[in-house]
Amino acid sequence: MNISKKTAVLLTMTAAATSLFLSSCKKKTEANEKTYTYRVTSSAPSTWSPTDYQMGCESTILSLTADSLYSYVLNDTKDGHVTECCMASEFPIDVTSEYAGNPVYGIPQDADKGYAWKFNLRNDLVWEDGTPITADTFEYSLKQFLNPQMKNYRASAYYEDTLVIANAEQYYEGNADWQKVGFVKNSDHSYTLVLSTPMTEFMIVMYGSINLVKEDLYEANKKESGNIIKSAYGTDIDNYASYGPYKIAEYQADKYIKLEKNENWFGYKAFKDKNYYQTTHVYIQFILEHATTLNMFLQGKLDEVGLSSVDMDKYGNSEYRIITPETYTAKMSFNIDKKSLKNEESEGINHSIISYKDFRHAVSLSINREKFVSTVAIGSDPAYGLYSNAYIVDPYTNERYRETPQAQESLCEFYGTERLADITGFNKDEAKRYFQKAYDEAVKNGDLKPSDKVQIDLHITTDNEGLKRMVAFLQESINNATQGTDLENKVTIKFIVDENYYVNMKQGKVDLAITLWGGAPYAIYKMLACYCDPDVKNEYGFDPVTEKCTLTVEGKDVTLSFYDWYKEVGNGKYAIADIETKNAIVAGVEKALLSYYNMIPLYYMNSNSMISQRIIYGADHYINPLVEYGGIQEMTYSMDDEEWEKYCKKNSYQLKY
């Protein structure tokens, strides 16, 4: 199990602790035993149940207290990674031939790889109280995820995401027998997963683990809720059990959670020679106010703090600054439905011109993305495509999607350049031309009066300095590009604070939002769902089910809807095609999506944070999405808690970064 720095930064975790906590830690340790407490903050969790968690803060607690079949760790030279068996006693064994043609699971008769994987478990796995973990534990847990009476939030992880277990969805929907689900117990310490969609060894190692729940606690906390049954498992210290390196020692809702080493975790013996997990305690306070956490960090009460774009003015050059590439792309998501835009209009205030592609194209051309990331999204990279630089297409060579010939050629064609390095996406003269063209057409069609002002309602969750900078930049860009046109001084971006803007966006009540999609850096082919699945995409007025896209695949022109392209390359006809073919499909779909100008890339997100002066990461630079800087398991400290407190006091609790 590897807890990465990205988890801390992406989920707005920083580090926090108090002297009261430090003294309470000492009560449980020997006087001469050193403690190393990693102190972080996050929002307050509602549940950290594996079957129901949703928020990042909940995922963090799980990642510290759970384990997986396999783990990714730094190699000996600290410049790459290796894969280790963790809860599994060996790497998965492909047993597809044993199930090929089996009518129960629907595996093709000629299938010879990827459909069935056998996992052999260690025989010393236990829960924190010493209760054994066996193949039965895995089966019970999977059955609860898919329990048709519970409708658990995380059920889809086993039937429609990357891991698609045979007949799992049918069981979840209440239409199949459990004996037909692709989980086969071989022995007390061995089971096989039979899949509907084949997976490579790399992908089954990464996504094939089943998150566990402890049966007695899970069952004891079940209760009817309306027409379904829910379990309160993972909502308090007494109704949850750890099987990872840490266990919950204390918890106060809305205040903090304290974790300590789980002495029954097998890894402390199995990996004794690796010197993993110097961190003895993890202390998470539920604090969201950024100014508060930054101040605590500077006092030495935090071990890490995320940096906002405003902070970068002061701390951007700090030697303690850490940059982590993310999979997330920030983009302008436009509503392009003319009818819903007209519903927002009032006398003299026009919104419907937003439905004109030329208008949106002009907006895109007006933005100098290089300047944007140097002044607004400081520390991130300018974005020209929908996928960030963090996506990996070949896990063995670490080749990034954006570096592939297919992705580079596609973007160059879209932006009209010979080389990737020449792409800027910025052309003020062309922006003027398209603004005027959109104006003329809208007036001609009766959608815009010459006296109208154009208002773009930008919905945001909260009003903060970073967003103000962003809107000011976009407004200035549009103002500069409309000079000399009939839209000069007529286009305004208006802030709308809207806590439910994601819901309203899907209902056509939002003109524009800044949205981010990302995740699963090694599953780029399935990430087309973010833009092509009608239940997932953000841009109102664009229907990926009816809109078509023609691509040349393996020498033939193929026309499919955007939704069908996503399905075919993710789980269908092209799922097992060669990597070049799949790259070409993703690149072609990406190019076609960009041509609508309803999702305009702004920047590829990089997480920026500072670590405290006592933290030492396992690697001195970012490695890859699997291990990043080595995570908490390879993190060490130059000072223990007592020494750090003395150091901070000596510096009057005003540390220099």
Side-chain angles (χ1 to χ4, degrees), residues 1-9 38 62-64 66-94 113-114 117-125 162-163 193 199-211 243-246 261-262 265-279 322-327 389-401 403 519-524 579 615-637:
M1 191 219 39
N2 182 19
I3 311 306
S4 65
K5 192 196 75 64
K6 181 180 70 175
T7 302
V9 178
Y38 182 58
L62 268 174
S63 64
L64 291 163
D67 207 346
S68 57
L69 295 172
Y70 307 99
S71 176
Y72 302 99
V73 298
L74 292 174
N75 60 16
D76 292 338
T77 53
K78 310 298 183 184
D79 59 358
H81 78 274
V82 294
T83 308
E84 292 183 339
C85 289
C86 215
M87 297 180 75
S89 61
E90 60 182 319
F91 286 99
I93 303 168
D94 193 331
K113 62 181 179 179
W117 295 92
K118 181 180 180 181
F119 300 92
N120 292 322
L121 304 173
R122 299 177 60 97
N123 59 13
D124 57 352
L125 304 177
T162 303
L163 181 67
L193 290 182
M199 297 178 73
T200 63
E201 180 181 13
F202 178 86
M203 295 300 282
I204 196 68
V205 165
M206 177 174 288
Y207 296 105
S209 291
I210 297 172
N211 292 323
Y243 62 102
Y246 297 95
K261 283 191 172 183
N262 170 19
W265 182 56
F266 79 92
Y268 291 127
K269 293 180 180 178
F271 305 129
K272 187 175 182 180
D273 62 323
K274 301 287 187 178
N275 296 316
Y276 292 155
Y277 298 105
Q278 185 179 16
T279 301
I322 297 294
I323 304 172
T324 304
E326 301 289 354
T327 57
N389 299 315
Y391 279 96
I392 308 295
V393 294
D394 190 333
Y396 301 104
T397 65
N398 232 27
E399 183 181 23
R400 301 176 187 276
Y401 167 72
E403 297 170 347
Y522 289 87
I524 187 171
I579 193 171
I615 295 294
I616 304 170
Y617 279 135
D620 60 6
H621 64 283
Y622 178 84
I623 303 299
N624 60 37
L626 293 176
V627 291
E628 298 187 340
Y629 294 89
I632 197 172
Q633 68 181 10
E634 304 206 43
M635 185 171 69
T636 58
Y637 300 74

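The main-chain N or O of Ala88 is never found under 3.5 Å from a side-chain atom of Tyr70 such that the two would form a donor-acceptor pair. In this structure a side-chain-to-backbone donor-acceptor pair under 3.5 Å is present from Lys261 to Tyr277. Side-chain atoms of Gln278 come within 3.5 Å of backbone atoms of Tyr637 as a donor-acceptor pair (strictly under, hydrogens ignored). Asn262 places a side-chain N or O within 3.5 Å of a backbone atom of Gly244 that can act as its donor or acceptor partner.
What you find for Leu74 and Ala619 is that their closest heavy atoms are CD1-N, 3.7 Å. Residues Phe271 and Cys86 approach most closely at CE1-SG, 4.2 Å, considering heavy atoms. Summarising the geometry of Trp265 relative to Tyr243, their closest heavy-atom pair is CD1-O, 3.4 Å, with the distance given to 0.1 Å. Contact between Ile623 and Asn398 at its shortest, heavy atoms only, is O-ND2, 4.1 Å.
Between His81 and Tyr72, the ring-plane angle classifies as perpendicular under the 30° and 60° cut-offs. Taking the six-membered ring for Trp and thresholds of 30 and 60 degrees, Phe202 and Tyr396 have ring planes more than 60 degrees apart, a perpendicular arrangement.
Summarising the geometry, atom OH belonging to Tyr207 is positioned 12.5 Å from atom OG belonging to Ser68; distances are rounded to the nearest 0.5 Å. Tyr38 contributes atom OH, which lies 6.5 Å from atom CD1 of Ile615 (distance to the nearest 0.5 angstrom). Separation of atoms CE (Met203) and CG (Leu163) is listed at 10.0 Å; rounding is to 0.5 Å. In this structure, the separation between CG on Leu69 and CD1 on Ile210 is 7.5 Å, given to the nearest 0.5 Å. Note: Met199 CE to Ile204 CD1 = 4.5 Å, rounded to the nearest 0.5 Å.
For the pair Tyr391/Pro625, no side-chain contact is recorded, criterion being any heavy-atom separation below 4.5 Å from C-beta on. No side-chain heavy atom of Leu62 sits less than 4.5 Å from a side-chain heavy atom of Asn211. Residues Thr200 and Val205 are not in side-chain contact: their nearest non-hydrogen atoms beyond the backbone lie 4.5 Å or more apart. Using a 4.5 Å heavy-atom cutoff, the side chains of Asn624 and Ile392 are not in contact. With a 4.5 Å cut-off on side-chain heavy atoms, Glu628 and Tyr622 count as touching. Under the 4.5 Å side-chain criterion, counting only non-hydrogen atoms from C-beta, Pro521 is not in contact with Tyr401. Using a 4.5 Å heavy-atom cutoff, the side chains of Asp67 and Leu125 are not in contact. Between Asp94 and Trp117 there is a side-chain heavy-atom pair separated by less than 4.5 Å.
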Practice task
Might you work through the side chain to side chain contact (heavy atoms under 4.5 Å, CB included) test for Ser71 and Gln633, ending with a clear yes or no?
Solution key: CA-CA 11 Å; Ser71 176; Gln633 68 181 10; 4.2 Å; yes

Handout entry: Step-by-step side chain to side chain contact (heavy atoms under 4.5 Å, CB included) determination, Ile93 to Asn120
Key = CA-CA 9 Å; Ile93 303 168; Asn120 292 322; 3.8 Å; yes

Practice task
Would you sort out whether Thr279 and Tyr246 count as a side chain to side chain contact (heavy atoms under 4.5 Å, CB included), showing the intermediate values?
Solution key: CA-CA 10 Å; Thr279 301; Tyr246 297 95; 3.4 Å; yes

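A centroid separation of less than 6.0 Å is found between the aromatic rings of Tyr617 and Tyr629.
Within a 6.0 Å radius of NZ in Lys78, more than 12 heavy atoms belonging to other residues, nucleotides or ligands are found.
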